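Keep in mind it's a predicted model, so treat the numbers as computed, not measured. Note that the numbering runs from 1 along the sequence shown for the chain.
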Amino acid sequence: MLEQIFSLWVEPELERRGLPGDRSTVHKALVTFSPDQTRLPVIAINEEAELIGSIRAARDIKAGEAVTEDDVAAIEGIKPANIDPNSGWIAYAVLGGTGFIEFDFRYNKERASQVLTLATEYLTAAETCLKSLPRPAIDNLYSAAELSVQAQMYGTNSSTKQHWKRAKWLDSWAKLKNAPAGHPTILHQLHKERASARYGDGQPSLTPEQLSVVVSQVREMISFAAQRTGNVGKAL
């Protein structure tokens, strides 16, 4: 991975700037990838690369105290500062004589977060009218489940406005074991019920007891999507 960071991005950028290609002169690098595929990656080198390190302290450090290398027992992670939250990234840093690499190639975290907030609202609406208004509850559950899929699609920098394409994407995603095998079943079941729920085309087949189970299943779909898209704060 280190070889790829240098050969694919850092060294070509050094050459473009007319700088020596000596790897030993590079102690930090950050490559960010915009979800807009027409834009080239942005390469920041050394002081240009603003990174935040998570450390395990070697002593009790009070707020406002200066921290030196001797105060660091271990580096537990690095991440970029001040980048577009919808961008993917890969970072490299040399700290205490050791090189560290961390990356997150999930796109559109902010967009996914907004969609998951909306999914939670639909789920809440479904729970509110579950007993007295089962048809609106089913329709809201379908919307919530589908939005959890849309959030995951955003993470791979893809999206669609067509129901069947979301369902097909989730089928493929689950077959690759990137989502629980039962999630496509829940989405398909709710889609099947949607005609009667939204348009009055027959009677819903789900009983109140079954609907209560579906509520829990859709809640799990939203929580899973939150974890997969880097939005664990949205997990229910």
Side-chain angles (χ1 to χ4, degrees), residues 35 77 79 85-88 104-236:
K79 65 179 182 180
N86 290 315
S87 294
D104 190 340
F105 293 139
R106 294 172 295 189
Y107 289 96
N108 300 304
K109 292 184 193 67
E110 189 171 62
R111 294 183 72 186
S113 175
Q114 294 167 351
V115 167
L116 289 169
T117 296
L118 185 56
T120 303
E121 291 173 2
Y122 277 114
L123 179 64
T124 301
E127 290 181 287
T128 301
C129 60
L130 189 62
K131 293 182 180 179
S132 58
L133 300 167
R135 289 187 180 186
I138 291 170
D139 197 28
N140 283 319
L141 283 170
Y142 177 67
S143 295
E146 202 176 36
L147 285 167
S148 77
V149 179
Q150 186 67 56
Q152 292 176 78
M153 292 182 73
Y154 278 148
T156 64
N157 208 27
S158 59
S159 65
T160 181
K161 293 183 178 180
Q162 296 180 291
H163 301 295
W164 71 269
K165 286 187 178 180
R166 289 194 191 100
K168 185 177 180 180
W169 184 91
L170 183 60
D171 286 341
S172 299
W173 202 234
K175 284 178 182 176
L176 293 171
K177 301 189 185 302
N178 289 323
H183 285 188
T185 302
I186 300 164
L187 187 67
H188 286 298
Q189 181 185 32
L190 287 168
H191 181 267
K192 183 179 178 182
E193 297 286 330
R194 187 168 179 260
S196 61
R198 173 169 286 193
Y199 305 112
D201 185 9
Q203 294 293 323
S205 64
L206 292 171
T207 66
E209 292 75 20
Q210 289 171 326
L211 270 178
S212 295
V213 173
V214 175
V215 167
S216 298
Q217 292 172 329
V218 173
R219 181 180 292 109
E220 196 278 330
M221 289 179 72
I222 296 172
S223 294
F224 177 81
Q227 293 165 6
R228 286 305 300 256
T229 59
N231 288 287
V232 290
K234 298 295 179 184
L236 300 175

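To the nearest 0.5 angstrom, R198 atom CZ is 14.5 Å from E193 atom CD. Of the inter-residue distances, the one linking E121 atom CD with S143 atom OG reads 12.0 Å to the nearest 0.5 angstrom. In this structure, S205 OG and I138 CD1 are separated by 7.5 Å, a value rounded to the nearest 0.5 Å. In this structure, CD on Q114 lies 12.5 Å from CD on Q150, to the nearest 0.5 angstrom. Atom CH2 of residue W169 and atom CG of residue N178 lie 7.5 Å apart, to the nearest 0.5 angstrom. Interatomic distance, NZ of K109 versus OG1 of T229, reported as 9.0 Å (0.5 Å rounding).
Nearest heavy atom pair, residue A174 against residue A181, reads CB-CA, 4.4 Å. Nearest heavy-atom pair, S148 versus A225, reported as atom, atom and distance to 0.1 Å: O-CB, 3.4 Å. Considering every non-hydrogen atom in both A144 and L123, the closest pair reads CB-N, 4.0 Å. The shortest non-hydrogen separation linking N140 to C129 is ND2-SG, 4.4 Å. Closest heavy-atom contact between P184 and P180: CD-O, 3.6 Å.
Residue pairs meeting the ring-ring contact (aromatic ring centres under 6.0 Å, His included) criterion with at least one member in residues 198-223: none, sequence neighbours excluded. Here ring-ring contact (aromatic ring centres under 6.0 Å, His included) pairs that include residues 109-155, with residues two or more places apart or in two chains, are Y142-H163, Y142-H191. Sorted by first and then second residue, the pairs that involve residues 127-136 and meet salt bridge (Lys or Arg N to Asp or Glu O under 4.0 Å), not counting sequence neighbours, are E127-R219. Among residues at least two apart or in separate chains, salt bridge (Lys or Arg N to Asp or Glu O under 4.0 Å) pairs with a member in residues 164-187 are E146-R166.
Contact annotation: the side chain of D104 never approaches that of K79 to less than 4.5 Å [non-hydrogen atoms, C-beta and beyond]. Considering only heavy atoms from C-beta on, M153 stays 4.5 Å or farther from W173 through its side chain. The shortest distance between side-chain heavy atoms of S196 and Q203 does not fall below 4.5 Å. The shortest side-chain heavy-atom distance between R194 and D139 falls under the 4.5 Å cut-off. Between R228 and R106, every side-chain heavy-atom pair lies at or beyond the 4.5 Å cut-off. Counting heavy atoms from C-beta outward, L147 and L116 have side chains that stay 4.5 Å or more apart. In this structure the side chain of L211 reaches within 4.5 angstrom of the side chain of L141, judged on heavy atoms.
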Query raised in the report: Going through the checks in order, is the side chain to side chain contact (heavy atoms under 4.5 Å, CB included) test met by L130 and S212?
Result: CA-CA 8 Å; L130 189 62; S212 295; 3.7 Å; yes
Report task. Report the C-alpha separation of H183 and V149 in whole Å, then their side-chain angles, then the decisive distance to 0.1 Å, and conclude whether the side chain to side chain contact (heavy atoms under 4.5 Å, CB included) test is met. Result -> CA-CA 9 Å; H183 285 188; V149 179; over 6 Å; no
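Remark: T124 engages T120, T128 in a side chain to side chain contact (heavy atoms under 4.5 Å, CB included) (not counting sequence neighbours). For the side-chain hydrogen bond (donor to acceptor under 3.5 Å, both in side chains) test, no residue two or more places apart in sequence or in another chain qualifies with S159.
Distance alone, capped at 3.5 Å, places no donor-acceptor pair between the N86 side chain and the P35 backbone.
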